[in-house]
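Counting convention: from 1, in listed order, for ligands and their atoms alike.
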Amino acid sequence: MTVLVTGGAGYIGSHAVLALLEAEYTVLVLDNLVNSSRESLSRVERLAGRQLTFIEGDIRDRQLLDKLFAEHAIEAVMHFAGLKAVGESVAEPLAYYANNVGGSVTLFQAMADAGVRRLVFSSSATVYGEPECMPLSEAAPTARASNPYGQSKLMVEEVLKDLARADARWSIALLRYFNPVGAHASGEIGEDPQGPPNNLMPYIAQVAVGKREKLSVFGGDYATRDGTGVRDYIHVVDLVEGHLRALEVLKHCTGAHAWNLGTGRGYSVLEMVAAFEAISGKRVPYTLQARREGDVAECWADPAKARKELDWQARRGLEEMMADTWRWQSKNPDGY
Ligand code: NAD
Ligand code: UD1
């Protein structure tokens with residue numbers, strides 16, 4: 001079975017491509033390399049011992065999409081392509097809406113015209129807005145996001161729900177990621193942010209390897225066990241296993257289905273720092289700073305629906321997340 005993976009050279013996409021190749025899928029990657037490099041895919045091919053087809057291009061390029069669907073027997077699409085920096089999205093909303101919403105709609109139009117109606121979409125727990133009660137199940141209401149990035153995820157979910165309502169032949173997974181971290185156990189592929197990382201885990205790793213001086217902990221006065229923010233961190237390899245399960249399940253059902261991909265367990269920022277120090281043997285100096293705008297105190301998943309319907313659950317614990325992050329970062333201090 002041939003799968004088109006948009007954004008397949010990126011952090012999560014590259015891990016998904018590896019898992020697909022290992023599961024004997026034929027893989028086509030479409031990526032414009034705006035936030036990634038071709039090297040990630042060369043490493044994926046080496047790890048898998050199999051080749052993929054790489055097309056450097058943009059999901060907004062309708063002609064290119066039509067050509068891909070005409071030339072390859074694509075049966076499903078995993079759609080990771082998009083911009084993801086929250087702060088940048090506030091400064092450049094049009095770029096985010098054009099890329100994440102406009103690009104997605106162009107992709108879905110090309111799929112519809114080619115008769116390819118099986119799709120796995122990278123959504124986010126950000127669609128729940130500023131929730132009050134934990135854990136978050138898929139039945140929790142979605143809400144306006146505090147930034148255009150989050151809003152773009154919500155908008156694409158709405159587009160896809162309308163699409164499934166209009167045409168019952170579509171099979172769509174809306175996978176709501178909690179906080180993906182970690183790397184493949186080989187240390188060959190991982191997260192390679194351009195410039196200062198926006199997210200906690202890559203920032204901690206860059207402090208440990210000596211690229212950044214210290215971590216700023218955003219807020220020490222939340223109503224949490226140690227005052228710092230609590231999140232549901234999920235190992236990227238568990239996350240992509242959820243994608244492969246979703247792809248299987250979509251073969252036998254139609255409609256648009258939301259599934260949380262999280263562990264069901266939250267850790268605070270300081271617990272993450274302590275766990276990373278223990279595994280790596282490195283110190284991670286930090287200072288307490290003001291809260292970051294738009295942050296919630298706590299967020300973790302109720303993963304029961306994915307467990308039941310996808311027969312999937314995260315298996316890798318905090319130690320493995322830390323060990324794999326550190327192996328990737330220490331082997332590749334400057335990324336790819
Ligand atoms: P990433 O930036 O590493 O990967 C995205 C990839 O898409 C990159 O390789 C980039 O070059 C490519 N891309 C961007 N715009 C494109 C376009 N117009 N045409 C073709 N390729 C394009 O990000 P990631 O962390 O791997 O995230 C993958 C997806 O998961 C994104 O949609 C992101 O919004 C979503 N997501 C990520 C997280 C997270 O914490 N990493 C959480 C929730 C959801
Ligand atoms: C953020 C985004 C979210 C996006 C997700 C994945 C915001 C408000 N939310 O989620 O939309 O889907 O990334 O890309 O940006 N922290 C620090 N110091 C740092 C970095 C983070 O203390 O340098 C803290 C945060 O305050 C938070 C926790 O660490 O409590 C996790 O932060 P982060 O990794 O950025 O993820 P989210 O905020 O959950």
Got an N/O contact under 3.5 Å between [X] and ligand 2?
X	value
Asp295	yes
Arg292	yes
Val86	no
Lys84	no

**Asked** Closer than 4.0 angstrom: is that true for some heavy atom of Ser216 and an atom of ligand 2?
**Response**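 Heavy atoms of Ser216 do come under 4.0 Å of ligand 2.
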
**Item:** N or O contact, Ser123 vs ligand 1, cut-off under 3.5 Å
**Value:**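 N/O-N/O distance under 3.5 Å: no.
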
**Geometric N/O contact Lys153 with ligand 1, under 3.5 angstrom** =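 Yes - when backbone and side-chain N and O of Lys153 are compared with those of ligand 1, one distance drops under 3.5 Å.
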
Residue [X] excluded, over 12 heavy atoms near [atom1] under 6.0 Å:
X	atom1	result
Lys161	NZ	yes
Lys308	NZ	no
Tyr336	OH	yes
Glu22	CD	yes

**Asked** With the threshold set at 4.0 Å, does a side-chain nitrogen-carboxylate oxygen contact exist between Lys84 and Glu191?
**Response**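 Yes, this pair counts.
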
**Message:** Under 4.0 Å between a side-chain nitrogen and a carboxylate oxygen: does that hold for Lys251 and Glu248?
**Reply:**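 A salt bridge is present here (some side-chain N lies under 4.0 Å from a carboxylate O).
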
Tell me: protein heavy atom nearest [atom], and distance?
atom	answer
atom 3 (O) of ligand 1	Tyr11 N, 2.9 Å
atom 26 (O) of ligand 1	Ile12 N, 2.8 Å
atom 15 (N) of ligand 1	Asn99 ND2, 3.0 Å
atom 4 (O) of ligand 1	Gly10 CA, 3.5 Å
atom 28 (C) of ligand 1	Phe80 O, 3.5 Å
atom 33 (C) of ligand 1	Tyr149 OH, 3.6 Å
atom 5 (C) of ligand 1	Gly82 O, 3.8 Å
atom 40 (O) of ligand 1	Pro180 CD, 3.2 Å

Using the side chain to side chain contact (heavy atoms under 4.5 Å, CB included) definition, which of the options [options] pairs with [X]?
X	options	answer
Arg60	Asn99, Val105, Leu65	Asn99
Phe108	Ile172, Val77, Val156	Val156
Leu20	Val240, Val44, Thr26, Val27	Val27

**Message:** Show the atoms of ligand 2 that are less than 4.0 angstrom away from any heavy atom in Thr126.
**Reply:**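 Answer for ligand 2: 11 (O).
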
For [atom], state which one of [options] supplies the nearest heavy atom.
atom	options	answer
atom 1 (C) of ligand 2	Asn199, Val90, Asn147	Asn199
atom 10 (C) of ligand 1	Leu107, Asp61, Asp31, Ile59	Asp31
atom 28 (C) of ligand 2	Phe218, Tyr233, Tyr203	Tyr233

Under a 4.0 Å heavy-atom limit, does [X] contact ligand 2 with its side chain, its backbone, both, or neither?
X	value
Tyr149	side chain
Leu215	side chain
Asn179	side chain
Val269	side chain

**Asked** Which is it for Glu88 and Tyr149 under the side chain to side chain donor-acceptor pair (under 3.5 Å) test, yes or no, and what are the steps along the way?
**Response** CA-CA 9 Å; Glu88 187 182 70; Tyr149 164 73; over 6 Å; no

**Request:** Indicate whether the side chain of Tyr177 and that of Ser122 have a donor and an acceptor atom separated by less than 3.5 Å.
**Result:**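 Yes, side-chain donor-acceptor contact under 3.5 Å.
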
**Prompt:** Would you say the side-chain atoms of Arg231 and Asn199 include a donor-acceptor pair closer than 3.5 Å?
**Reply:**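 There is no such pair (donor and acceptor under 3.5 Å, judged by atom type) between the side chains of Arg231 and Asn199.
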
